[in-house]
S.K.: 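I'd like to ask some things about the structure below.
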Number of protein chains: 2
Amino acid sequence: MHLPTSVGYLLKEASSALRSAMEAVLRPLGMNVTHYSCLELLAQRPGLSNSELARGAFVTRQSMNVLLVALERDGLVSRAEHASSGRALPTELTPKGRRQLATASAAVRAVEVRMTASFSDVERAGLGDLLSRAVSSLRADHPTA
Amino acid sequence: MHLPTSVGYLLKEASSALRSAMEAVLRPLGMNVTHYSCLELLAQRPGLSNSELARGAFVTRQSMNVLLVALERDGLVSRAEHASSGRALPTELTPKGRRQLATASAAVRAVEVRMTASFSDVERAGLGDLLSRAVSSLRADHPTA
DNA sequence: TGACTCATGTCAATATTCTGACATAGAATC
DNA sequence: GATTCTATGTCAGAATATTGACATGAGTCA
């Protein structure tokens, strides 16, 4: 079966394949993609709020909130009790969270390497560039809504 | 906020942006992305079964089945009563389904055009090529599971 | 100061999707 | 021919995500 070959379809197909591959390597570690994404975001940007994490992981605030509650219960992250300014509650990784992320990050990186295994350096960079520009074009004159 | 820039993240970001843009143009038509995908698949491959449609739209058989029930109720598709061979029930578009697809297809095509508006022809083809190869690499030696 | 806008956290209810399981039909294997 | 394997449709339940709504805090502007 050799379905549609539009760029849009290929984009969806690639994204789906990547997600499946990530789920496959994260499951043995007791994590899923959103779980991992949240930890990775917090490692790169300590102190992100629930809403910011939601945007970064492409889910709603509400979904991210239930995840954060679970992550805090498991001692992987710590949330501020009350906001120092505004309503945003900064979240940070605990040492335990950092350890779990380390193994997960290696597994995910391996998946990404496998995905671009046949690429030259130029092609690898080119794909990133094209995807960035595609995102910009879609968002131009089009409220994020 | 200028989050991760790995190819994997950009892929997810682009896919998410495309989906949002598609949802935005399809909502006024009373459709969502899976709804549209199903019709588009049936137009290109009349007679696809529920399971085949599910794979093509990247959802489970169960999800596609509830969609098909709704589409049939609305008179957009027709499903065979009983299988002529095996258990697969071939599905086809009705004239009404074809009409609805026509308008949706134009809207979606416009989104895709906007997404690649800044691309040269070479770049447009290049993105498709890179995505195809990425999918192949991810699936190589890795059961679709 | 006051009205307005915007973003955030949170609650409730609804939709949607998935996981797990089962029986059946055909192909493959022995 | 019997057995095994794979794929399909379908049922039931659980998990997940989303939509909608509300009050609060901060910034903007007249």
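These numbers come from the heavy atoms of this one structure, side chains and all, not from hydrogens, waters or symmetry mates.
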S.K.: Between P on D:dA7 and CG on B:Leu89, what's the gap in Å once rounded to a whole number?
M.R.: 18 Å

S.K.: CZ of A:Arg79 versus P of C:dT8: gap in Å, rounded?
M.R.: 13 Å

S.K.: Under 3.5 Å, which N/O atoms of the protein pair with N/O atoms of nucleotides 26-28 of chain C?
M.R.:
from   : atom 1 : to      : atom 2 : distance (Å)
C:dG26 : OP1    : B:Gly86 : N      : 3.4

S.K.: Quickly work out the B:Glu81 CD to D:dT10 P distance and round it to whole Å.
M.R.: 11 Å

S.K.: Let me know the distance between CG of A:Leu53 and C1' of D:dA17, rounded to the nearest Å.
M.R.: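 Computing the A:Leu53:CG to D:dA17:C1' distance gives 17 Å.
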
S.K.: Specify the separation, in whole Å, of atom CG of A:Leu67 and atom C1' of D:dA15.
M.R.: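 Between C1' of D:dA15 and CG of A:Leu67: 14 Å.
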
S.K.: Give a yes/no on whether any side-chain N or O of B:Ser63 is located under 4.0 angstrom from OP1 or OP2 of C:dC18.
M.R.: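 Yes, within the criterion.
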
S.K.: Both A:Asn32 and B:Asn65 contact DNA chain D. Taking the nearest nucleotide for each, which residue is further toward the 5' end?
M.R.: B:Asn65

S.K.: CZ of A:Arg19 versus P of C:dT17: gap in Å, rounded?
M.R.: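 These atoms are roughly 14 Å apart.
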
S.K.: Using modelled atom types only, decide if a donor and an acceptor are shared between the side chain of A:Asp74 and the backbone of A:Leu76 within a distance under 3.5 Å.
M.R.: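 No, because the side chain of A:Asp74 does not come within donor-acceptor range (under 3.5 Å) of the backbone of A:Leu76.
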
S.K.: Let me know, please, whether A:Thr34 or A:Arg61 comes out on the 5' side of the other along DNA chain D by nearest nucleotide.
M.R.: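 Its nearest nucleotide lies further toward 5', so the answer is A:Thr34.
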
S.K.: Indicate whether any N or O donor in one side chain lies under 3.5 Å from an N or O acceptor in the other, for A:Ser63 and A:Thr60.
M.R.: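 Yes, because at least one side-chain N or O of A:Ser63 sits under 3.5 Å from a partner of the opposite role on A:Thr60.
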
S.K.: Checking side-chain polar atoms at under 3.5 Å, does A:Ser51 have a donor or acceptor matched by the opposite partner on A:Arg61?
M.R.: no

S.K.: Could you state the CE-C1' distance from A:Met64 to C:dA7, rounded to the nearest angstrom?
M.R.: 17 Å

S.K.: With a non-hydrogen cut-off below 4.0 angstrom, is B:Ser51 in contact with a base, only sugar-phosphate, or nothing?
M.R.: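 Since only primed, P, OP1 and OP2 atoms lie under 4.0 Å of B:Ser51, the category is sugar-phosphate.
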
S.K.: Looking at B:Glu92 and B:Arg45, is there a salt bridge between them, counting it only when a charged N and a carboxylate O are closer than 4.0 Å?
M.R.: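 B:Glu92 and B:Arg45: not salt-bridged.
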
S.K.: Any side-chain N or O of A:Thr60 below 4.0 angstrom from OP1/OP2 of D:dT18?
M.R.: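 It does, given that an N or O in the side chain of A:Thr60 lies less than 4.0 Å from OP1 or OP2 of D:dT18.
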
S.K.: Would you kindly say whether A:Glu40 and A:His35 are connected by a side-chain donor-acceptor distance under 3.5 Å?
M.R.: no

S.K.: Assign each of A:Gln62 and A:Ala88 to its nearest nucleotide of DNA chain C by heavy atoms, then name whichever residue's nucleotide is nearer the 5' end.
M.R.: A:Ala88

S.K.: Answer with yes or no whether the side chains of B:Ser20 and B:Glu23 bring together a donor and an acceptor at under 3.5 Å.
M.R.: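 There is no such pair between these side chains.
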
S.K.: Starting from P on C:dA15, measure out to CD on B:Glu23 and report it in whole angstrom.
M.R.: 17 Å

S.K.: Return yes if some donor-acceptor pair links the side-chain N/O of B:Glu52 with the main-chain N/O of B:Ser49 below 3.5 Å, else return no.
M.R.: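 Yes, because the side chain of B:Glu52 sits within donor-acceptor range (under 3.5 Å) of the backbone of B:Ser49.
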
